[in-house]
Amino acid sequence: MAVSSMGNVAGAPSQRAQAQKRSPYPGWFYLPAAIIYAVLFLAPTFASLYFSLTRWTLFDSVFIGFDNFAQFFREPFLVKGLVNTLIYAVVTSGLKVVIGMALAIMLTSQIVARGYLRSVIFFPVLVSTVGVGITFTVLMHPTQGMINETLALFGIAGPGWLVDPRLALFSVALVDVWKGVGLATVIYIAGVVAIPKDYYEAARIDGATKWQNFRYVTLPLMRPATATVITLSFIGGLRTFDLIWAMTKGGPGFASDTIASVIYKQYQAGFYGLSTAGNVVLFVLIAVLVVPLTMLLNRKQGHE
Amino acid sequence: MKQRASLLGGVAAIVATFVVFVIPFLFIILMAFKDRQQSALRDFSWPTGFHLWDNVFEVVKTRNWMMITAFINSSIITVASVSLLVVFAAMVGFILARRKTRWNPLIEFLILAGLMVPPAVVPTIWVLQGLKLFGTLHGMILIEVAYNLPFSIILYRAFIATIPKDMDEAAIIDGARPLDVFFRIILPMLWPVTVTNIVVQSVGIFNDFTNPLYYLPGNANATVQLTLFNFQSQFSTAYNLLFTNILLITIPPLIVFLFFNRQIVAGMTAGAVKG
Amino acid sequence: MAGLELKALRKSYGDLEVIKGVDLHIEHGEFVVFVGPSGCGKSTLLRMIAGLEEISAGELVIGDRVVNEVEPRDRGIAMVFQSYALYPHMTVYDNVGFGLMLAKTPREVRDKKIREAARILQMEHLLNRKPSQLSGGQRQRVAIGRAIVRQPEVFLFDEPLSNLDAALRVDMRMELARLHQDLGATMIYVTHDQVEAMTLADKIVVLDGGVVQQVGSPIELYQRPANLFVAGFIGSPKMNLLPAIVDAVEGDVVRVSSKDLAATAIRASGEGLKPGDSVTLGVRPHALTPTESGSVVGQVALVERLGNETNVSITLPSGTSFMAVLDGDRALRPSGSIVLGFNPADALLFDGAGLAR
């Protein structure tokens, strides 16, 4: 204490060191999370960049350059997986946006049994994806399934939902929308509820019709919600695995394979390098598509 | 006039949602009540007898009581990983919201990356094997923590930003050390988000199929989602048991839904309205 | 016994210096008010004393210890926050007792101290409530109770009344004054409200731009402001400040005049002043009276009749606004002409640097 008056000049660095030590917000609070995240997520992600360039047995790896990627873009069934992934992501997120928005507008209007409707639409979000997948596999059976049996009552010959190679991917996408649209809906409901009533009153004084209300008030002001729904469901769509696996296992043939199911199949077959290359492809795909997408969505939001 | 139109619309909506969203669940329930023969028809008929308890018993004891093991495993994984998530994510959210350094942008970037980037599966198995954690419940718990941290952190950080810093400072003046400030003041105040976090993450982790499939192979380590899969192949014709199984694993999320509907919706829509 | 000594205290964030060397001596038991406009550094200075902000340079002594590197809890201080910062998940009892619990005070002692604090603040009936069940004034009491119970040598208040409505603010102000008398502890109080400063303080510290402008008793500051800033800041309505030119300097008398001001002789130090220098004449609105022989002539712009007094806003020939507070009710006509005079002894003279002469 005797030297502390001198210490102002000479001891400035040590003062700073003490200041760090007694911060009420110690940096080590990051540590538990950081270690788990770094070891089990970041490290494998970086390791994947190397192992995707190898032929790999988990015990030893041989560097083979870009052969895995070359194979990925040469083999028709792998290319098919890539294309399917894109189709699946676009279809599911597109449908979730449109249907979710429509349901949200319906559920925020003066409609009867709002609570019931909200619960019923949202509940599938919480149910096991695999359970849903299996249930719909049964319902979508071409001859014994309830859907086609019901259609037959009206004299319609139902399609082979999951057995028709042209249709299988879309059938799974439809179930994905069935399960996930509840989340899009509640996000939109939150967006609609957050719009101040003043806008509608101002629009009413200006003589706006219902359609104009929607077009010029609701739609633009729901842009943040739309951005969230698109981003969430697009990423989810690109990464989708469990529903595909539960319903078609990528079949018939490779008709409904996605990158995620390819990754699993290659892993099962012991092609670890190729499987990891699939991971890197998916990683790059998400980076290349989602980053510009979110930037686009957010920039437009800024212009409003 | 207008009222009648909205009533009509309401009825139409109720009927439509009933057909689309409720009937599949009724189908599951009906199937679970049927005997094997009737369930093979896979139609929407009334059960000819009450076979639910038989089916449940059959499902539970199959494969040497695998269902029980699976429920225990899934419960352990869910409870342990959600507990760790709550504490670790709240700690990160707290420091991230309170302490502004030049590292913050990097941390935020890593959090966003964690939300978007798909985990690299085989390299993760390689790391887990190196740590002797592959195929263990411990490893599975840590994996769930790692993958779900970003979402929990985002929930917490947004909420902590609304707690005035005065709270921390009042506690510091009162003599609280950093751990006191966090565990006695901040963490209790985070209770609403903690409930949201617990509910949303529990449902997600309980329903997780993909990660146990990769990182937790072996029947002894089965989780409920995986048993469902095993059952499907084994009972490809025993639809009554398959759907009883689906019904059983739907009950936990249903309970959560009945009690915490509001928190789930709040958690899942967090961040949607901002901006 | 704990007085405080602030020696050349400085605080900077990177290149931005917000406290630019503050020297201050505070006696034990004094009620000191830091006052100034927002951003003047008064809260930062208080938080440096509390230990919530690092001291970049200088020395802080509380009692007889240098406390620059001492943790807040060991400084013998307690603080009341503007937002009260009550812990919402704890009852009033636990809020007040939190510090004691952390200090591992035995349960019985703690209980006694909490009840004693509650008795002093007349809030025994609130002990089992949660903060959300309290009114603004009650929360304020709890926040003060939390400070009292630690029996600090120094109380720190950061704008504690600014979240209360006007009537309650007056009550709490008196309560704080009573508390200061009863406890006899040193109190440091930050506010931007000069009425609080004038009524509560033994000593006011006026801050602006991170620099102490003046330290003194309320009356000193009112009667003898050290510079233009203090002159303009203390007193309501604000002091009128008229630019003027020195006509002549005769020892302790300075003669000044301007377009708006007839030649006036002011008693002030003429040292260093010479005819032709620009100066500023300060006259408080209350010092003005209507008189035929007054030195200020203007046009009535606005009249506010309050019954016991009348506020008159006047436009001077140069266009400058001028404020007068006249005794009693006066039915003045807007846009009419008015002549005002003042006793030169009540006027203040500031030189070109803004310092009082």
Side-chain angles (χ1 to χ4, degrees), chain A residues 24-27 29-30 32-33 36-37 39-41 43-45 47-48 51 58 106 110-113 117 119-121 123-124 126-131 134-135 138-139 141 144-146 149 183 186-187 190-191 194 224-225 228 235 239 241-242 263 267 272 275-276 279 282-283 286 290 301, chain B residues 6-7 9-10 13-14 17 21-22 24 27-28 42-44 88-89 91-92 94-95 98-99 114 116-124 126-127 129 142-143 145-147 149 168 172 178 181 203 207 209-210 225 228-229 232 239 242 246 249-250 253 256-257 265 268-269 271-275:
Chain A
Y25 309 118
F29 271 41
Y30 284 133
I36 295 176
Y37 189 70
V39 171
L40 293 178
F41 182 77
T45 300
S48 72
F51 285 119
L58 278 179
M106 184 179 90
Q110 300 292 329
I111 197 167
V112 289
L117 291 171
S119 306
V120 159
I121 293 167
F123 183 58
L126 303 180
V127 177
S128 149
T129 309
V130 180
I134 293 172
T135 306
V138 171
L139 293 174
H141 191 279
Q144 308 260 288
M146 232 182 68
E149 283 177 353
L183 181 55
V186 294
I187 291 174
T228 310
I235 295 175
R239 291 171 61 164
F241 170 73
D242 38 11
I263 292 171
Y267 159 72
Y272 297 138
S275 172
T276 305
N279 251 310
L282 185 54
F283 168 74
I286 288 179
V290 174
Q301 187 187 319
Chain B
S6 93
L7 192 67
I14 291 170
T17 53
F21 289 104
V22 180
F27 179 73
I28 295 172
R42 284 166 273 169
D43 56 6
F44 202 67
F88 294 166
M91 285 164 76
V92 171
F94 177 52
I95 305 297
R98 286 292 196 255
R99 187 165 153 175
M116 288 191 200
V117 175
V121 177
V122 189
T124 308
W126 176 69
V127 168
Q129 281 184 337
L142 293 176
I143 286 283
V145 173
Y147 290 178
L149 267 173
D168 318 1
I172 291 166
V181 175
V203 171
N207 281 340
F209 163 71
T210 313
Q225 306 301 321
L228 186 63
F229 228 82
Q232 192 203 19
Y239 288 99
L242 181 59
I246 294 176
I249 68 163
T250 306
V256 168
F257 175 70
V265 171
M268 289 188 165
T269 55
V273 195
K274 68 160 197 265

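Proteins come first, then strands; the chains are lettered A, B, ... in the order of their sequence lines, and each starts at number 1. For the numbers below, each heavy atom of this structure counts, side chains included, while hydrogens, waters and symmetry mates do not.
Both the backbone and the side chain of A/Val186 come within less than 4.5 Å of a heavy atom in chain B. Contacts between B/Leu149 and chain A at a heavy-atom distance below 4.5 Å involve the side chain alone, from C-beta outward. With a 4.5 angstrom heavy-atom cutoff, B/Ile172 touches chain A only via side-chain atoms. A/Glu149 touches chain B through its side chain: at least one heavy atom from C-beta onward sits under 4.5 Å away, while N, CA, C and O do not. Interface remark: A/Ile235 contributes side-chain atoms only to the contact with chain B (heavy atom separation under 4.5 Å). Only the side chain of A/Phe51 comes within contact range of chain B, judged by heavy atoms closer than 4.5 Å. The parts of B/Ile95 that come within reach of chain A are both its backbone and its side chain, each placing non-hydrogen atoms under 4.5 angstrom from that chain.
For B/Ala13 against A/Leu117, the heavy-atom pair with the smallest separation is O-CD2, 3.9 Å. B/Phe21 approaches A/Pro124 most closely through the heavy-atom pair CD2-CG, 3.9 Å. Of all heavy-atom pairs between B/Pro119 and A/Asn279, the closest is O-OD1, 3.0 Å. Annotation for B/Ala120 and A/Pro44: closest pair CB-O, 3.7 Å, computed over non-hydrogen atoms. Between A/Gly27 and B/Arg99, the closest heavy-atom pair is N-NH1, 3.2 Å.
In terms of heavy-atom pairs under 4.5 angstrom with chain A, the leader among B/Pro253, B/Ala89, B/Pro24, B/Pro118 is B/Pro118. Note: A/Thr135 leads A/Val112, A/Ile121, A/Thr135, A/Ile263 in heavy-atom pairs under 4.5 Å with chain B. In terms of heavy-atom pairs under 4.5 angstrom with chain A, the leader among B/Val122, B/Ile143, B/Ile246 is B/Val122. When each of B/Ile249, B/Val181, B/Val121, B/Val256 is scored by its heavy-atom pairs under 4.5 Å with chain A, the top score falls to B/Val121. Ranking A/Leu139, A/Thr45, A/Thr129 against chain B, the residue ahead of the rest is A/Leu139, based on heavy-atom pairs under 4.5 Å. Chosen from B/Val203, B/Thr17, B/Val117, the residue pairing most often with chain A at heavy-atom distances under 4.5 Å is B/Val117. Contact count versus chain B (heavy atoms, under 4.5 Å) is highest, among A/Val138, A/Leu183, A/Ile286, for A/Val138.
For the pair A/Ile36 and B/Tyr147, the minimum side-chain heavy-atom distance is 4.5 Å or more. Counting heavy atoms from C-beta outward, B/Phe27 and A/Met146 have side chains that approach closer than 4.5 Å. Contact annotation: the side chain of B/Phe209 approaches that of A/Phe241 to within less than 4.5 Å [non-hydrogen atoms, C-beta and beyond].
Under the 3.5 Å distance criterion, the side-chain polar atoms of A/Arg239 are matched with a main-chain donor or acceptor of B/Met116. Side-chain N or O atoms of B/Asn207 include one that pairs as donor or acceptor with a backbone N or O of A/Leu126 at under 3.5 Å.
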Using ring-ring contact (aromatic ring centres under 6.0 Å, His included), reason through A/Tyr272 and B/Trp126 one step at a time and then give a plain yes or no. CA-CA 10 Å; A/Tyr272 297 138; B/Trp126 176 69; over 10 Å; no
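Every residue meeting the ring pair (Phe, Tyr, Trp, His ring centres under 6.0 Å) condition with A/Phe41, not counting sequence neighbours, appears here in chain and number order: A/Tyr37.
Note that the CG atom of B/Leu142 and the CG atom of A/Leu40 stand 6.0 Å from one another [nearest 0.5 Å].
Side-chain rings of A/Tyr25 and B/Phe94 approach one another, their centers coming within less than 6.0 Å.
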